[in-house]
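Take a look at the following structure, please.
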Amino acid sequence: MINRKIKRAIVPYLLILPACVLLLIFLVGLINGIVQGFGIMPFLGMYEPTLDYYIQAFTRSDLSNSILYSLYLALASTAIAIVIGVALSAALCKIQASRAMQLLGLQVPIMTAHMLVAICIMCLLSGTGLIQRLLVAVGLESVASCIPSVVGNVSGYGILGVYAWKEIPWIAFCVFTIMSGVSSKFGEAASVLGAGTFRTFFEVTLPLCRGAIVKAALVVFAFVFGSYEIPFLLGPTLPKALPILAYIEFQDPNIVNRCYSMALNGVTTLLCTVLAIVYFVILQREKKA
Amino acid sequence: VGAVLKKGLPANKRVKNGAKRPGKLSVLFVAIHFVLIFVPLLVLVVWSFSAYWPWPDLLPQTLSLKGYEEVFAARNNTWGVLAQSVGIALAVAALSTVFAAMASRAVAHYKFGGKEVFKFCTILPYLIPTTVFAMGVQVIFLNVGLARTVLGVVIAHCIVALPYAITIMSDITAAAGTKLEQAASSLGARPVSVVFHVTLPAIAPGLLSAFCMSYILSFSQYFLTLLIGGGAVKTFAVTMFPYLSGGDRTVAAAYGVIFLVVTLVVFFFFELLLKRFGYKNSQDLYTN
């Protein structure tokens, strides 16, 4: 009996052991970066913690501009993804989308790598892209020459386009299952009671899907804020997205510059840890409900 | 009551008739979505076969396999790189699926101290970007000799894939419960046969989805592979990336099409397997 109790106490720790090892490596990497952001680099003989690099991250214009630019990209992409993704999910519920439609319309874009979408959008909208060719073909040459090339444009419309292509289906995917359950269960009740389609949607369906929407949106925001590939391929020379600038400072032959890189990463870490806490709180609430 | 019911019925019908119009809107919306998803992919395929496509022609003047010949030119060793990428992705998928299944079992069926902390930590790599992790961990991997090795890249990829695999596994593990296992063992089944005949079949759909997701995540990693692999570990994503930022768009598109095929073929293969298991909606595994 005692033997069995001990077994039940030890087994869970054995089960989580491999995951813990991986998470430990993750945390050690993270903390190692954070420590360097405070100017502590033992292999260079730097032991005094300082806030200089963080202060510069917010005051040196190139650093602070790239924080703002990444914030803009992340906020805009998330907003686009939420609004259109939720609408798409609602439309798919309405037409009772088949499994094949969900597979092709939602899961295929989720499984497609971001960088592939970047090439697609270059084929469509770079200086000699297909959309410009189409405009010329229908006689709108002046409009075609007005469209700025998707590569290096400061508005980042190409970057936002790539994220829209990828993240709208992601949001719809995360919301669809719950939404179709909700609308079949409560939607009918609400409409029998006389609520209009839109009222039902905004006052019944949407509040019940809120947890799923917020969770999916947090993942989108964190991903866009911290990703390197798309702004590298499509972004402007200035301002640079935060991860790109962080990598440039990281690679600088002057190793002290790594402190700037790590301070920028520290900003990302802080922001994303807050997002993780929100995500966790929602998760815990759902488990209780 | 009868009067209310009689009144209620047509009202109900009216709502359904009224709902037809937004239905059309929904069809239109979904149709536009499908066009926006598949036209860019189609354009990519056309571009990969184009040999000469002068401005402002709508279609390429000549088609050829030039792009693919360039990709598979002997000096690029593309087959070797592909094999290595698939190998790494398979290893990552297998490891993170097994680790996630184990961790989910502990969380779903056991009480233990530190459970909430553990659960929170499994979310962290989901929300903290890989760029931050990659730059922080590179020095450590260099110090312990894991940088520039396949093993190092596999470990790093596993860390990225683990939270996705755990998200997929945790609900299905909780739903599977332990009652059937207890019933089987009280009827005298040996522990090994309980695992193979009861536990694994119950969570098989989750295992397949987690495997597939982790495979594709690993195959698509660029930045992390670049930093940890340091150019010594060549994966398809790392080899392909420089072609995207400049140079010949036909070659870039050819790389893109191969990438797309390799990932989607695996994805559809797993979807077919899932269907075999009678799992109607793999979506239920990711969300909740």
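Predicted model only: the values in this text are computed from it and were never measured. Numbered from 1 within each chain, the chains take letters A, B, ... in sequence-line order.
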Within the 6.0 Å centroid threshold, strictly below: B:Phe223 and A:Phe232: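 Centroid distance B:Phe223-A:Phe232: not below 6.0 Å, so no.
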Check whether A:Val219 gets within reach of chain B through its side chain, its backbone, both or neither, counting any heavy atom under 4.5 Å.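 Both parts, heavy atoms under 4.5 Å.
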Where on B:Leu244 is there a heavy atom nearer than 4.5 Å to chain A: the side chain, the backbone, both, or neither?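 When you check distances to chain A, atoms from both the backbone and side chain of B:Leu244 fall under 4.5 Å.
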Do A:Tyr247 and B:Leu226 have side chains that get closer than 4.5 Å, going by heavy atoms?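 Side-chain contact under 4.5 Å: yes.
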Interface moiety of B:Thr122 toward chain A, non-hydrogen atoms closer than 4.5 Å: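 Both backbone and side chain.
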Any donor and acceptor pair, going by atom type alone, linking the side chain of A:Arg133 with main-chain N or O of B:Pro56 inside 3.5 Å?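 Such a contact is absent between A:Arg133 side chain and B:Pro56 backbone.
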Proximal component of A:Ala87, with respect to chain B [non-hydrogen, under 4.5 Å]: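 Both parts, backbone and side chain.
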Quick check on B:Leu28 against chain A: is it the side chain, the backbone, both or neither that has a heavy atom closer than 4.5 Å?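 Neither part; nothing is under 4.5 Å.
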Could you pull out all donor-acceptor pairs under 3.5 Å where a side-chain atom in residues 113-120 of chain A meets a protein atom, sequence neighbours excluded?
unit_1: A:His114; atom_1: NE2; unit_2: A:Glu167; atom_2: OE2; d: 3.1

Between A:Phe280 and chain B, with a heavy-atom cut-off of 4.5 Å, which part of the residue counts as in contact: side chain, backbone, both or neither?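 Both backbone and side chain.
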Non-hydrogen atoms of chain A under 4.5 Å away: do they reach the side chain of B:Phe34, the backbone, both or neither?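 The side chain, not the backbone.
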Is B:Trp47 reaching over with its side chain to a backbone N or O of A:Leu124, donor-acceptor style, under 3.5 angstrom?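 Side chain of B:Trp47 to backbone of A:Leu124, a donor-acceptor pair under 3.5 Å: no, none is there.
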Can you give me every donor-acceptor pair (side chain of residues 11-24 of chain A, partner residue at least two apart or in another chain, under 3.5 Å) with its distance?
unit_1: A:Tyr13; atom_1: OH; unit_2: B:Gly113; atom_2: N; d: 3.0
unit_1: A:Tyr13; atom_1: OH; unit_2: B:Gly113; atom_2: O; d: 2.9

Please determine, among B:Val139, B:Ile216, B:Ile166, B:Val107, the option with the most heavy-atom pairs under 4.5 Å with chain A.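 Top count of heavy-atom pairs under 4.5 Å with chain A: B:Ile216.
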Quick check for you: among B:Cys121, B:Pro163, B:Ala253, B:Ala101, which has the greatest number of heavy-atom pairs under 4.5 Å with chain A?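 Of B:Cys121, B:Pro163, B:Ala253, B:Ala101, B:Cys121 has the most heavy-atom pairs under 4.5 Å with chain A.
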In terms of heavy-atom proximity below 4.5 Å to chain B, should A:Leu30 be classed as side chain, backbone, both, or neither?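 The side chain, not the backbone.
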B:Val132 versus chain A, the contacting section by heavy-atom distance below 4.5 Å: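 Looking at B:Val132, backbone and side chain both touch chain A.
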Report which part of A:Leu104 has an atom under 4.5 Å of a heavy atom belonging to chain B: side chain, backbone, both, or neither.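 Answer is both: backbone and side chain atoms of A:Leu104 are under 4.5 Å from chain B.
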A:Asn32 side chain vs B:Gly136 backbone, donor-acceptor pair below 3.5 Å: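 Yes, A:Asn32 side chain to B:Gly136 backbone: donor-acceptor pair under 3.5 Å.
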